[in-house]
Trainee: 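Take a look at this one; I'll ask things after.
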Amino acid sequence: MENSTKNKLAALASHTLFLTCIGAVMLFRSSSGNYFEKLKNSIFLTAYSDERKTEELTALKNKIEEISGVKNAAVLTENEVLEAMEGALAKKDILLSIKSVEIPSLIKIYPGSLNYENFGRIASLIENMHGIKAVDSGGNAVKKLFVFASDFQKAIRFITALLLLSAFGAALGASSSMKYLSEKFRFLSERAVPPGDILLKYASELFLIPLASLIISMLILLAFYQTNRGGIMFFLTPGEILLMLALSSLPSASRLVKSA
Amino acid sequence: MKLLLKAENIWLENSRAIVFKNVRLEIKKGDFIWLEGRAAAGKSLLMRTLAGKLRPAKGELLSYASAPLCTPGAALLENESVKDNIMTLLRGKEDSAFVMAELLKHMNLFSARNIPAKNLSGSQRQMLILATFLVLDAEMIFFDDPLVPLDNEQRVLFIQAAEKKRDQGTAILISSTLACPAACPALTKHLLLKDGKLNEE
């Protein structure tokens with residue numbers, strides 16, 4: 001294989017690896033952020049109150065929201081609870097039997113962070129508040145959810161670090177794979193070849209290698225994304241794709257500037 | 001003859017002293033100029049100034065054509081063969097293969113045409129550097145101290161190749177610590193740079 005072909009293939013491979021790693025980092029960051037947001041919204045405390053008046057319930061809600069670590073609280077009055085049940089329950093006779101029971105008002109409390117100790121502290125503080133009958137923190141199932149969230153967060157951090165490390169290595173590889181270009185630029189500029197002619201002569205290396213590697217890495221990321229279609233994963237935004245294009249041109253651009 | 005470069009009383013100073021002063025020089029198409037001077041006489045700085053890489057402190061320098069300057073440390077495509085180093089500069093030109101073969105024969109590099117530049121001996125490497133400048137389509141070419149790593153036979157080969165280039169209309173300016181060799185063309189303009197002054201011999 002010719003030397004220049006080898007150089008081009010090495011440059012293409014290292015650029016593709018670099019962009020795939022960077023793209024995967026972006027994909028993981030945005031998708032995991034979205035997943036954690038969903039997880040946060042599914043974890044809440046339910047406080048039961050015998051209060052019936054809207055003003056009293058609102059005051060209680062405001063008092064709960066003042067507790068540190070509470071993101072927000074939502075009040076569901078007795079009627080709202082019944083309406084919600086009407087929508088959810090198909091058999092009206094069940095509902096009729098429920099109507100004979102006195103239904104307490106509900107306050108849903110969302111924590112600001114996924115920290116189980118904090119969650120427990122908030123639950124006990126609310127439980128001791130005047131006007132609160134009981135607090136349901138979800139028991140063992142919610143505790144397991146916290147453990148899972150913590151482990152998942154650690155895994156995401158580890159994968160991100162690994163991908164960033166690989167991206168850094170690949171960036172070094174991409175930069176060194178373009179060394180032959182900087183040698184050529186210097187060779188030609190010393191021989192008074194105009195910069196415009198140099199750019200034209202090596203346009204394919206300067207523009208096609210970054211562009212081709214971007215397309216290949218996009219296809220790899222798209223194939224990965226397809227395996228999770230309908231799941232929690234988000235594909236890259238146009239802004240992120242543009243950022244990747246800019247990053248892909250960095251190794252050759254830096255060589256060009258260095259040898260100018 | 002077409003005027004390619006005109007230097008009118010140019011001066012160059014560095015932090016310690018005046019490198020050269022009142023240099024007057026005209027380079028015309030087809031000139032063959034030999035610039036002699038002792039080591040550290042300021043030849044390289046004068047060449048760099050004439051090539052437009054340094055700005056003179058005083059005087060006027062008018063250059064009507066670009067002048068590639070061949071320095072002892074000029075870059076080569078280290079991993080490319082001798083042939084490819086030349087072909088990189090000839091790409092897209094007519095008869096490039098013929099021009100390349102002729103030049104390599106003149107410079108005694110034909111047998112080494114497939115060897116990567118990094119594997120050449122010191123003198124072969126210098127011959128290749130000189131060949132990559134002689135192949136250029138420039139109106140003037142400056143060679144700064146090109147003879148040092150070469151043996152006598154190679155020096156004669158280079159001067160003959162440079163004379164051939166001059167015959168095609170390119171002005172050649174060569175600087176050296178050596179006196180103008182007998183191999184130089186008959187109408188060679190011989191200049192001497194001494195104590196910062198440039199005189200024609």
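Side chains are part of it too, since the values below use all heavy atoms of this structure and drop only hydrogens, waters and symmetry mates. Chain A is the first sequence line, chain B the second, and so forth, proteins listed ahead of strands; every chain is numbered from 1.
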Trainee: Less than 4.5 Å to any heavy atom of chain A: does that hold for the side chain of B:Thr71, its backbone, both, or neither?
Mentor: neither
Trainee: Measuring heavy-atom distances to chain A, does B:Leu69 have an atom under 4.5 Å in its side chain, in its backbone, in both, or in neither?
Mentor: backbone
Trainee: Please check if the number of heavy atoms outside B:Lys28 that lie under 6.0 Å from its NZ is greater than 12.
Mentor: no
Trainee: Charged N to carboxylate O below 4.0 Å: is that the case for B:Arg55 and B:Glu13?
Mentor: no
Trainee: Quick check on B:Asn85 against chain A: is it the side chain, the backbone, both or neither that has a heavy atom closer than 4.5 Å?
Mentor: both
Trainee: Below 4.5 Å, heavy atoms only, C-beta onward: do B:Trp34 and B:Leu173 meet side chain to side chain?
Mentor: no
Trainee: Would you call B:Asp137 and B:Lys93 a salt bridge, taking side-chain N to carboxylate O under 4.0 Å as the test?
Mentor: yes
Trainee: Heavy-atom cut-off 4.5 Å, strictly under: side chain, backbone, both or neither for B:Leu77 against chain A?
Mentor: both
